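Basis for what follows: all heavy atoms, side chains included, without hydrogens, waters or symmetry-related copies. Since we're looking at a predicted model, the values are computed, not measured. Along the sequence shown, residues carry numbers from 1.
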Amino acid sequence: MTHPLDLPEILIHVASFLNTRDRKSCLLVCKPWHQTFIPLIWENVYLWTYNRHQWPSIDAIDRHAHHITNLTYFSNPPLEYLSLPGLRQVRFLSLFYDGLPSGIMNSTYWDAATVIIRQNLALESLKLYDTWPTIDTAERFWDAVAGHAGIKEISVHGAMNLECPSGEMDRPDHGLWRICQSQLESLRLSHMSIPANPDALLLGDDIGTTFPRMKKLSHILVKDTIKPEDQNADILLRRFAGLPCLGQVRFLARCPNLKDLEMRFSYTHDCPRDAIVQRFAAGFWPLLTRVVLSVAGFTDKELAQIAGSLGAAPVEELLVPESSFGYQTLAAFENQSLFRNIRKMDFYDSKVLGWAARESSAVVQTILERCPVLEDFTANYLLASDVAHGQEWVSTGMKKLKVDIIVDNDNKEEEKGKEKEMKSRKELHVAVFERLGKLHQLDTLALLSRTLTSAVELESRMSLDLRHGLGLLENVLQLEVLSFSNQQVFEEEDVRWIKDHWKKLRQISRPLDADPERMRELDSAMYLSGVNM
């Protein structure tokens, strides 16, 4: 009978859990294992400047070049490592600048990279990190990229060594834009500039030439190209205050078939909100299933207009941190039937203060009541009274919940005594714990409390102990991360309960107790259980 570990498909699955060192050890077991593990060892080759002494020899690379599918170069390797005619199966090519003075990427480097692109017909993905082809080789390099029939994904991260001439990307025939017009499906631009000129790339109102296959577009801290004449501080201030980053909006307008849109800004004033909202409202992207607009600063009305344009395709992710998700956006969700498919949401806004907790809580409670497949949720405030008087949460498959839960005073008659009020607070705790206790798949619970100063604020936060109902979470067996900002007082019985019931817990916030000696005891107890504090 054949042993399961003699089957290549089983070995390949086992290898997915092993590091390179362990895989090399498996080569010595027997000949069949050697034949199975050799391709797995050579599929990823990283020529990193910092560990050059560990690089495989040229002869070894030549012998196994046909196994290499993922190749990464860091800055300038020796010439012999750039000239590898046996490389024919590379699918993923990454070119990194490592920051070392010796790592200047000259024309020889880029000529070799051009050859690699042309001879690897299976190439699917190209990444440029902190680097850009030198002026004398840029045209040859980008011609090779634009002429490659297989590249579907390009990622460009710019920073300290990005030597992109200010006018180069303004050319409509630039290789990056040509491949966008023909076949590119995914483009990620990070920490760089793109042309702001509406005439460049035919980007104004003329969108006859589109990027038809583009399905995923990510702009991370992307700016408009700053021309030399715009370097004056007054011009810069006026420019970015009045017309922030319109170049990338014009770029977006050429991608009508987007399914995944991600835009992240440094500050809310960097976001061209009006232009983005107008294009959403005009129905530019009806196929979107994932929308990330981070640090954009949309108002509730603007966010409602964006949500009102969605729904033609099932939207699974909406991440809009630092924007106002209120009643108008909630109504748009209802009108577009967005509740039923959403799996991940984030509208945490650090600017929302406690006085806005009532509206925020009503929105959060409604989402928990209406989104049956929600798995990852980050929001502002949730009042315990809304939980107690609201409907059951249908999001029972929740895996990550991050929200500031406030145990408010549900006692409307102020003349009632302290004993009655404390009982009411305990009942509110129990109501919240009962809801949380039904989230059996929960692996992360983060109570995102703002900085607390007054005794009233401290008293209003959740108390995570058995006295207030922690035991109701006994079926939340997948919990790995428990995070909170307010001080928690854990007794020995609380620590024992946590150790006994949350076997997978690996991280818990500090402080857990105001007493330093007690804190050291808790640290030690958690450490011995494998929990990082």
Side-chain angles (χ1 to χ4, degrees), residues 124-125 127 152-157 180 184-190 210-222 245 248-249 251-265 271-273 275-298 302-325 329-330 332-349 363 367-368 370-379 395 397-402 444:
E124 302 173 12
S125 174
K127 293 183 180 180
K152 305 298 182 186
E153 176 185 59
I154 292 179
S155 177
V156 182
H157 176 91
C180 285
L184 203 65
E185 296 180 0
S186 175
L187 178 63
R188 177 183 174 89
L189 302 178
S190 172
T210 63
F211 302 155
R213 298 183 182 276
M214 191 74 69
K215 295 181 176 65
K216 183 176 182 179
L217 187 61
S218 178
H219 285 183
I220 311 298
L221 306 184
V222 173
C245 303
Q248 60 181 311
V249 177
F251 186 102
L252 292 175
R254 300 189 65 183
C255 306
N257 298 314
L258 278 181
K259 294 184 178 180
D260 187 326
L261 172 61
E262 179 177 8
M263 301 180 73
R264 298 182 185 270
F265 304 91
C271 175
R273 288 186 292 276
I276 292 176
V277 170
Q278 288 172 7
R279 280 159 177 77
F280 266 101
F284 266 65
W285 307 292
L287 303 179
L288 282 172
T289 61
R290 179 176 183 265
V291 180
V292 180
L293 300 168
S294 181
V295 195
F298 291 108
E302 292 169 334
L303 206 55
Q305 290 180 274
I306 292 175
S309 71
L310 303 174
V315 179
E316 297 184 355
E317 291 190 24
L318 180 64
L319 312 181
V320 286
E322 303 304 325
S323 290
S324 299
F325 193 118
T329 307
L330 200 64
F333 258 62
E334 176 69 35
N335 294 335
Q336 300 301 113
S337 301
L338 298 180
F339 292 115
R340 60 189 177 193
N341 295 305
I342 202 81
R343 294 184 178 275
K344 185 174 182 179
M345 291 187 71
D346 181 353
F347 50 82
Y348 179 80
D349 188 352
V363 170
I367 288 172
L368 291 170
R370 300 291 303 279
C371 297
V373 296
L374 189 61
E375 297 177 353
D376 190 330
F377 188 27
T378 304
S395 312
M398 185 84 67
K399 296 179 180 178
K400 291 176 172 55
L401 178 61
K402 304 173 185 178
T444 300

Do [X] and [Y] come within less than 4.5 Å of each other through their side chains, counting heavy atoms only?
{"X": "L184", "Y": "M214", "value": "yes"}
{"X": "L368", "Y": "M398", "value": "yes"}
{"X": "V277", "Y": "E302", "value": "yes"}
{"X": "L288", "Y": "V315", "value": "no"}
{"X": "V291", "Y": "L319", "value": "no"}
{"X": "D349", "Y": "S324", "value": "yes"}
{"X": "R188", "Y": "V156", "value": "no"}
{"X": "Y348", "Y": "K402", "value": "no"}

**OP:** Using the salt bridge (Lys or Arg N to Asp or Glu O under 4.0 Å) rule, collect all pairs that involve residues 305-322, keeping only residues at least two apart or in two chains.
**Re:** R290-E317, E322-K351
**OP:** Indicate, with yes or no, if the rings of F347 and F298 have centres closer together than 6.0 Å.
**Re:** no
**OP:** May I ask you to check whether F211 and F251 place their ring centers less than 6.0 Å from one another?
**Re:** yes
Subject >> Whether W285 and F280 hold their rings parallel, tilted or perpendicular, with breakpoints at 30° and 60° >> reply: perpendicular
Subject >> Over 12 non-hydrogen atoms of neighbours within 6.0 angstrom of NZ in K127 >> reply: no
**OP:** Decide if atom NZ of K152 counts as having more than 12 heavy atoms of other residues, nucleotides or ligands within a radius under 6.0 Å.
**Re:** yes
Original post:
When you look at E334 and R370, which way does the salt bridge (charged side-chain N to carboxylate O under 4.0 Å, His left out) test go after all the steps?
Top reply: CA-CA 10 Å; E334 176 69 35; R370 300 291 303 279; 2.8 Å; yes
Original post:
Taking NZ, NE, NH1 and NH2 as the nitrogens, is one of them in E375 or R343 under 4.0 Å from a carboxylate oxygen of the other?
Top reply: yes
Subject >> K400: partners by salt bridge (charged side-chain N to carboxylate O under 4.0 Å, His left out), with sequence neighbours left out >> reply: D443
Original post:
Who passes salt bridge (charged side-chain N to carboxylate O under 4.0 Å, His left out) against E153, sequence neighbours left out?
Top reply: none
Measure the spacing between [atom1] of [X] and [atom2] of [Y] and express it to the nearest 0.5 Å.
{"X": "K344", "Y": "D376", "atom1": "NZ", "atom2": "CG", "result": "5.0 Å"}
{"X": "L287", "Y": "L310", "atom1": "CG", "atom2": "CG", "result": "11.0 Å"}
{"X": "L303", "Y": "L330", "atom1": "CG", "atom2": "CG", "result": "11.0 Å"}
{"X": "S337", "Y": "I342", "atom1": "OG", "atom2": "CD1", "result": "12.5 Å"}
{"X": "I220", "Y": "L189", "atom1": "CD1", "atom2": "CG", "result": "9.5 Å"}

For [X] and [Y], work out which heavy atoms get closest and say how close.
{"X": "S294", "Y": "P321", "answer": "OG-CG, 3.5 Å"}
{"X": "C180", "Y": "P212", "answer": "O-CD, 4.2 Å"}
{"X": "C271", "Y": "I276", "answer": "SG-CD1, 3.8 Å"}

Could you tell me whether a side-chain N or O of [X] sits under 3.5 Å from a main-chain N or O of [Y], the two making a donor and an acceptor?
{"X": "N257", "Y": "K215", "result": "no"}
{"X": "T289", "Y": "K259", "result": "yes"}
{"X": "S309", "Y": "G283", "result": "no"}

